[in-house]
Amino acid sequence: PDVAVSNFARSCAWLINMVRAENLWPYYKTFAHDILCGSMLRSMSLLVIYTIVVSHVLVPLITILADVDLRKWQQYKEDNHNEHFSGNGAEYSDLEYEKVPSSQARRVEAIR
């Protein structure tokens with residue numbers, strides 16, 4: 001038991017020495033003053049600026065470009081439907097109305 005108590009006492013003495021202000025101050029100064037008050041505040045302000053730029057400029061721009069591209073793609077698909085499917089899907093096409101069966105013709109008319 002004496003060895004265990006002496007080891008415990010030595011560990012406690014080391015721990016008490018490590019938590020003294022003069023030993024903790026360099027870590028506190030580096031973390032709290034340099035990192036939190038210095039570079040972290042600068043980084044947070046840049047994050048706010050970048051968020052505003054992205055949300056007010058880039059997202060609407062991407063939305064407009066996607067809309068334009070999807071409209072062009074839709075027009076291309078409508079214009080070249082028969083070339084791509086060569087009759088395999090013509091019975092479902094509203095471009096060639098006479099090939100649509102009567103039950104589907106009613107559905108096409110309902111959609112229009």
Side-chain angles (χ1 to χ4, degrees):
D2 291 336
V3 174
V5 171
S6 66
N7 285 340
F8 180 73
R10 243 183 301 134
S11 297
C12 286
W14 178 82
L15 185 60
I16 290 171
N17 185 34
M18 290 308 294
V19 295
R20 290 183 190 223
E22 62 267 6
N23 290 331
L24 287 180
W25 175 253
Y27 300 109
Y28 172 78
K29 182 184 176 305
T30 301
F31 180 74
H33 289 252
D34 298 340
I35 295 174
L36 288 179
C37 295
S39 59
M40 188 168 177
L41 285 177
R42 196 170 27 258
S43 298
M44 292 300 288
S45 52
L46 284 176
L47 178 66
V48 169
I49 292 169
Y50 291 151
T51 302
I52 290 171
V53 168
V54 166
S55 64
H56 291 289
V57 175
L58 293 179
V59 171
L61 183 65
I62 290 171
T63 305
I64 291 168
L65 291 175
D67 180 60
V68 168
D69 185 55
L70 288 174
R71 287 178 193 265
K72 286 181 181 178
W73 185 50
Q74 177 187 10
Q75 189 62 44
Y76 172 79
K77 291 294 229 176
E78 288 174 358
D79 293 344
N80 298 305
H81 179 270
N82 292 333
E83 293 172 18
H84 289 291
F85 291 107
S86 65
N88 292 335
E91 64 270 12
Y92 300 108
S93 171
D94 59 342
L95 298 175
E96 296 181 17
Y97 188 72
E98 60 276 354
K99 290 187 179 179
V100 178
S102 61
S103 63
Q104 290 187 356
R106 278 184 254 131
R107 278 190 259 161
V108 170
E109 284 299 319
I111 290 173
R112 289 184 190 181

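Here the structure is a predicted model, which means the values were calculated and not measured. As a basis for the values below, the full set of heavy atoms in this structure was taken, side chains included, without hydrogen atoms, waters or symmetry mates.
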Compile the donor-acceptor pairs under 3.5 Å between side chains in residues 47-61 and protein atoms, sequence neighbours left out, one pair per line.
unit_1, atom_1, unit_2, atom_2, d
Thr51, OG1, Leu47, O, 2.7
Ser55, OG, Thr51, O, 2.9
Ser55, OG, Ile52, O, 3.3

Taking distance alone, no hydrogens or angles, what donor-acceptor pairs closer than 3.5 Å link side-chain atoms of residues 22-39 to residues at least two apart or in another chain?
unit_1, atom_1, unit_2, atom_2, d
Asn23, ND2, Asn17, O, 2.4
Thr30, OG1, Pro26, O, 2.9
Ser39, OG, Ile35, O, 3.4

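The side chain to side chain contact (heavy atoms under 4.5 Å, CB included) search around Asp2 returns none, not counting sequence neighbours.
Side-chain N or O atoms of Asn80 include one that pairs as donor or acceptor with a backbone N or O of Tyr76 at under 3.5 Å.
When Arg71, Lys72, Glu78 are each tested for a side chain to side chain contact (heavy atoms under 4.5 Å, CB included) with Gln75, only one passes: Glu78.
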- Query: Which is it for Lys77 and Trp73 under the side-chain contact (heavy atoms from CB on, under 4.5 Å) test, yes or no, and what are the steps along the way?
  - Reply: CA-CA 6 Å; Lys77 291 294 229 176; Trp73 185 50; 3.9 Å; yes
